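In what follows, chains carry the letters A, B, and so on, assigned in the order in which the sequence lines appear, proteins first and then strands, with residues in each chain numbered from 1. All of these numbers come straight from a predicted model, not from anything done at the bench. Side chains included, hydrogens not; waters and symmetry mates left out as well; all remaining heavy atoms used.
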Number of protein chains: 2
Amino acid sequence: MVMELVQLYRAFADATRLRILCVLQDGPLCVCHFQTVLAEPQVKISKHLGYLRERGLVVASRRGNWVIYALPPERARSTELEANLACLADCVKTDAEFKRDRARLKKLDVACSPVAGKRDAEAACGCAEAG
Amino acid sequence: MVMELVQLYRAFADATRLRILCVLQDGPLCVCHFQTVLAEPQVKISKHLGYLRERGLVVASRRGNWVIYALPPERARSTELEANLACLADCVKTDAEFKRDRARLKKLDVACSPVAGKRDAEAACGCAEAG
DNA sequence: AAAGCATATTCCGCAAGCGGAATACGCTTT
DNA sequence: AAAGCGTATTCCGCTTGCGGAATATGCTTT
């Protein structure tokens with residue numbers, strides 16, 4: 001039981017993964033968008049997503065060429081994950097890098113989904129090259 | 001700024017250190033007592049305390065032969081540390097290993113300090129061999 | 001000063017994890 | 001079937017970190 005917590009903290013112990021998890025709290029996203037939002041190379045993104053997926057911190061689903069990542073459905077999240085995600089979201093509120101990520105994310109929102117607020121996975125990925 | 005958070009999570013990403021931090025939330029403790037409470041060898045304890053000290057997650061003070069470790073004074077704690085300590089405390093409430101640690105800690109309480117509730121660092125270390 | 005106790009450090013072998021380059025895979029379009 | 005796109009994997013060199021044994025340090029007692 002302690003080990004699960006340790007695993008969780010290990011997963012959080014990387015800047016790229018933190019950024020991924022933060023972004024995902026706003027809704028699902030496909031890999032190509034992560035590349036844009038985080039401004040990091042494909043390999044890096046893909047590997048970290050793989051890492052998170054292996055450990056159950058995110059779930060993936062394929063839709064044509066795109067793979068969409070999301071946080072696990074709320075009911076499937078451990079209380080520890082839930083608590084730490086909330087804690088994380090709180091901790092990064094004022095962080096410059098996360099703000100930048102969010103800004104780029106919003107741009108995608110505007111370009112991709114007419115739906116105000118939460119993005120729709122399908123819509124979001126139907127315009128991978130837009131913007 | 002992100003890196004500080006990452007450092008924090010790295011520090012949390014070890015079972016022994018988690019246990020140390022949990023125990024410390026009940027008050028300061030000297031190394032010999034950690035050995036008893038966590039039931040781990042001296043080197044292991046000392047190294048992890050060193051790790052935490054280097055990164056500012058705990059502070060140390062010498063008193064004769066003993067070295068007493070404590071969480072930094074509340075005002076000196078970053079909001080991130082504070083938040084994550086709280087989150088941690090919440091996450092481990094029902095954990096078996098932490099309960100055992102706590103039980104052993106309480107035994108020390110009884111043996112060392114007549115003061116009900118919080119331990120006093122000095123009193124706690126005046127009886128390193130008791131019990 | 002010598003011995004004793006509590007704590008810290010060094011040395012070692014080992015495993016995990018990161019980033020990048022190249023390459024492989026899966027699906028879709030032509 | 002061939003080409004193209006998005007994503008995943010493998011290989012590699014490198015750094016970090018763990019645990020244990022032995023040893024060193026600092027303070028205290030005799």
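- For the segment residues 44-53 of chain A, the set of residues with a heavy atom within less than 4.0 Å of an atom of DNA chain D comprises A:S46, A:K47, in numerical order.
- The shortest distance between side-chain heavy atoms of A:Y9 and B:L18 falls below 4.5 Å.
- Residue A:R55 places at least one side-chain N or O closer than 4.0 Å to OP1 or OP2 of C:dG17.
- The listed nucleotides are D:dG4, D:dT7, D:dA21; the one nearest the side chain of B:V43 is D:dA21.
- No side-chain heavy atom of A:V2 sits less than 4.5 Å from a side-chain heavy atom of B:V92.
- A donor-acceptor contact shorter than 3.5 Å links the side chain of A:R77 to the backbone of A:P72.
- Put simply, the side chain of B:L24 reaches to within 4.5 Å of the side chain of B:I20, judged on heavy atoms.
- Per the geometry, CD belonging to A:Q35 stands 14 Å off P belonging to D:dC5, to the nearest Å.
- Looking at heavy atoms from C-beta onward, B:C91 lies in side-chain contact with A:L5 at the 4.5 angstrom threshold.
- Counting only heavy atoms from C-beta on, B:V67 has its side chain closest to C:dA8 among D:dC27, C:dA22, C:dA8.
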Original post:
Stepwise, does the side chain to side chain contact (heavy atoms under 4.5 Å, CB included) test hold for A:Q7 with A:R10?
Top reply: CA-CA 5 Å; A:Q7 286 288 88; A:R10 290 206 138 222; 4.1 Å; yes
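- Looking only at side-chain heavy atoms (C-beta outward), A:L88 and A:N84 stay at 4.5 Å or farther from each other.
- Listed candidates were C:dA8, D:dG17, C:dT7. Nearest to the side chain of B:Y69 is C:dA8.
- For the contact set between residues 2-21 of chain A and DNA chain C, defined by any heavy atom under 4.0 Å, the members are A:R10, A:D14, A:R17.
- At a threshold of 4.0 angstrom between heavy atoms, the contacts of A:F34 with the nucleic acid are absent.
- For A:W66, counting side-chain heavy atoms from C-beta on, the closest listed nucleotide (D:dG17, C:dG17, D:dT7) is D:dT7.
- Computed from coordinates, the A:L29 CG to D:dG6 P distance equals 15 Å when rounded to whole Å.
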**OP:** May I have the step-by-step check of side chain to side chain contact (heavy atoms under 4.5 Å, CB included) for B:K107 and B:R104, ending in yes or no?
**Re:** CA-CA 5 Å; B:K107 267 198 198 169; B:R104 282 183 293 237; 5.5 Å; no
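- With hydrogens and angles ignored, the 3.5 Å screen pairs a side-chain donor or acceptor of B:R17 with a backbone N or O of B:A11.
- Taking 3.5 Å as the limit, the base of D:dA8 and the side chain of A:Q42 contain a donor-acceptor pair of atoms between them.
- Atom CZ in A:R62 sits roughly 7 Å away from atom P in D:dA8 (whole-Å rounding).
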